[in-house]
2 protein chains.
Amino acid sequence: MTKETKDIQKKYQVGVEATLEVIGGKWKPLIIYNLMTGRKRTSELRRLIPNITQKMLTNQLRGLENDGIITRKIYKQVPPKVEYELTAYGWGLKGALDSLCYWGEDHLDKVHGDKSKVLEECNASQN
Amino acid sequence: MTKETKDIQKKYQVGVEATLEVIGGKWKPLIIYNLMTGRKRTSELRRLIPNITQKMLTNQLRGLENDGIITRKIYKQVPPKVEYELTAYGWGLKGALDSLCYWGEDHLDKVHGDKSKVLEECNASQN
DNA sequence: CAGTATCCTTTCCGATACTG
DNA sequence: CAGTATCGGAAAGGATACTG
């Protein structure tokens with residue numbers, strides 16, 4: 001193996017891993033997906049993602065914010081109001097996420113049958 | 001939220017998750033990447049991925065095999081010889097993995113600077 | 001050479017209670 | 001309403017020793 005091959009191999013690995021750190025985890029894809037339909041309050045996200053705990057929601061939102069995927073806007077009022085919104089940078093993930101969705105749906109169909117409507121559903125987040 | 005939206009949301013989530021189950025984990029992307037350059041013996045993979053333990057290598061290979069991504073060919077001889085190879089189905093992951101690599105490299109560059117050669121390296125696995 | 005078994009650490013994540 | 005703190009279980013992964 002040449003040094004160049006080793007470098008490329010490493011780049012490939014760290015590239016993939018870097019993305020998986022941003023969109024991986026149990027809830028991040030779903031949070032991003034829901035923000036693709038527009039800015040949302042914390043309570044809206046909780047309603048849209050019923051099974052997530054408050055702790056995990058905050059965790060994942062902070063992670064996405066630190067990676068520049070979303071913004072967090074705080075309205076100084078009582079009771080508090082916070083809104084999350086995808087950044088332009090975050091929208092750049094759409095292609096990768098759609099790839100994952102499409103392949104995954106296709107894969108599940110291969111295992112379980114029923115191949116209808118795969119494409120439409122994976123692209124349903126489009127504007 | 002309409003029932004349709006809920007369904008699409010769920011599809012999106014399970015699709016992404018299904019793919020992440022196949023290519024997720026610490027070593028699977030790198031194993032797939034290395035198999036993109038051709039069939040490999042177990043010992044070759046160990047050499048190509050120096051930090052992986054035998055346990056994890058076997059683990060991940062079994063997972064990929066169960067998902068139909070790779071085949072395992074056993075030569076009945078002493079000492080044993082086993083070769084792993086990407087299936088046509090496994091090659092279907094290339095697009096998704098490249099998306100992840102590309103975005104990840106781009107993201108790392110955004111954080112660390114040095115934007116050179118991103119495209120080439122992510123596409124280096126091409127034939 | 002290829003794979004298995006065991007033990008251990010680390011990380012992820014859920015449940016619950018609490019605060020401004 | 002939004003967020004924090006703490007506890008505990010489950011799962012992923014690493015180190016090591018062993019087998020055919």
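We name chains A, B, ... by the order of the sequence lines, and we start the count at 1 in each one.
In this structure, A:I31 places its CD1 atom 13 Å from C1' of C:dC13, rounding to the nearest Å. The CG atom of B:L45 sits 10 Å away from the P atom of C:dG3 (whole-angstrom rounding). Computed from coordinates, the B:L57 CG to D:dT16 P distance equals 18 Å when rounded to whole Å. One can place CZ of A:R47 at 14 Å from C1' of D:dC1, the figure rounded to the nearest angstrom. Rounded to whole Å, atom C1' of C:dA2 lies 8 Å from atom OH of B:Y84. Spacing between atom CE of A:M56 and atom P of D:dA2 amounts to 19 Å, rounded to whole angstrom units. Between the CD1 atom of A:I52 and the P atom of C:dC12 there is a distance of 15 Å, rounded to whole Å. Atoms CH2 (B:W27) and C1' (D:dA12) sit 13 Å apart, rounded to a whole Å.
Between the side chain of A:K81 and the backbone N or O of A:T42 there is no donor-acceptor pair closer than 3.5 Å. Checked by atom type and distance alone, the side chain of B:Q9 pairs as donor or acceptor with a backbone atom of A:L48 at under 3.5 Å. Between the side chain of B:T19 and the backbone N or O of A:W103 there is no donor-acceptor pair closer than 3.5 Å.
The existence of a salt bridge linking A:E85 and A:K73 is excluded, since no basic side-chain nitrogen approaches an acidic carboxylate oxygen closer than 4.0 Å.
Across residues 64-80 of chain B, B:R72, B:P79, B:P80 each have a non-hydrogen atom less than 4.0 Å from an atom of DNA chain C (numbered order).
Paired runs in DNA chain D that reach 3 or more consecutive Watson-Crick or G-U pairs, where each pair keeps both distances under 3.5 Å, cover C:1-20 with D:1-20.
Between B:V16 and A:L97 the shortest heavy-atom distance is CG2-O, 4.0 Å.
Place A:R62 and A:K55 on DNA chain D by their nearest nucleotides, and A:R62 ends up nearer the 5' end. The nearest heavy atom of DNA chain C to B:Q54 and to A:K26 marks one nucleotide each, and the one closer to the 5' end goes with B:Q54.
Side chains of A:E17 and A:Q13: a donor on one and an acceptor on the other come within 3.5 Å.
A close approach under 4.0 Å does not occur between any side-chain nitrogen or oxygen of B:T53 and OP1 or OP2 of D:dT16. One finds no side-chain N or O of B:R41 lying less than 4.0 angstrom from the OP1 or OP2 phosphate oxygen of C:dC1. For the OP1/OP2 pair of C:dA2 and a distance below 4.0 Å, the side-chain nitrogens and oxygens of B:T58 include no atom meeting the criterion.
For the pair A:K110 and B:Y89, the cation-pi test (distance below 6.0 Å, angle within 45°) is passed. For the pair B:K40 and B:Y84, the NZ or CZ position fails the cation-pi test of under 6.0 Å to the six-membered ring centre and within 45 degrees of the ring normal.
Every residue two or more places apart in sequence or in another chain that forms a salt bridge (charged side-chain N to carboxylate O under 4.0 Å, His left out) with A:K3 is listed here: A:D7.
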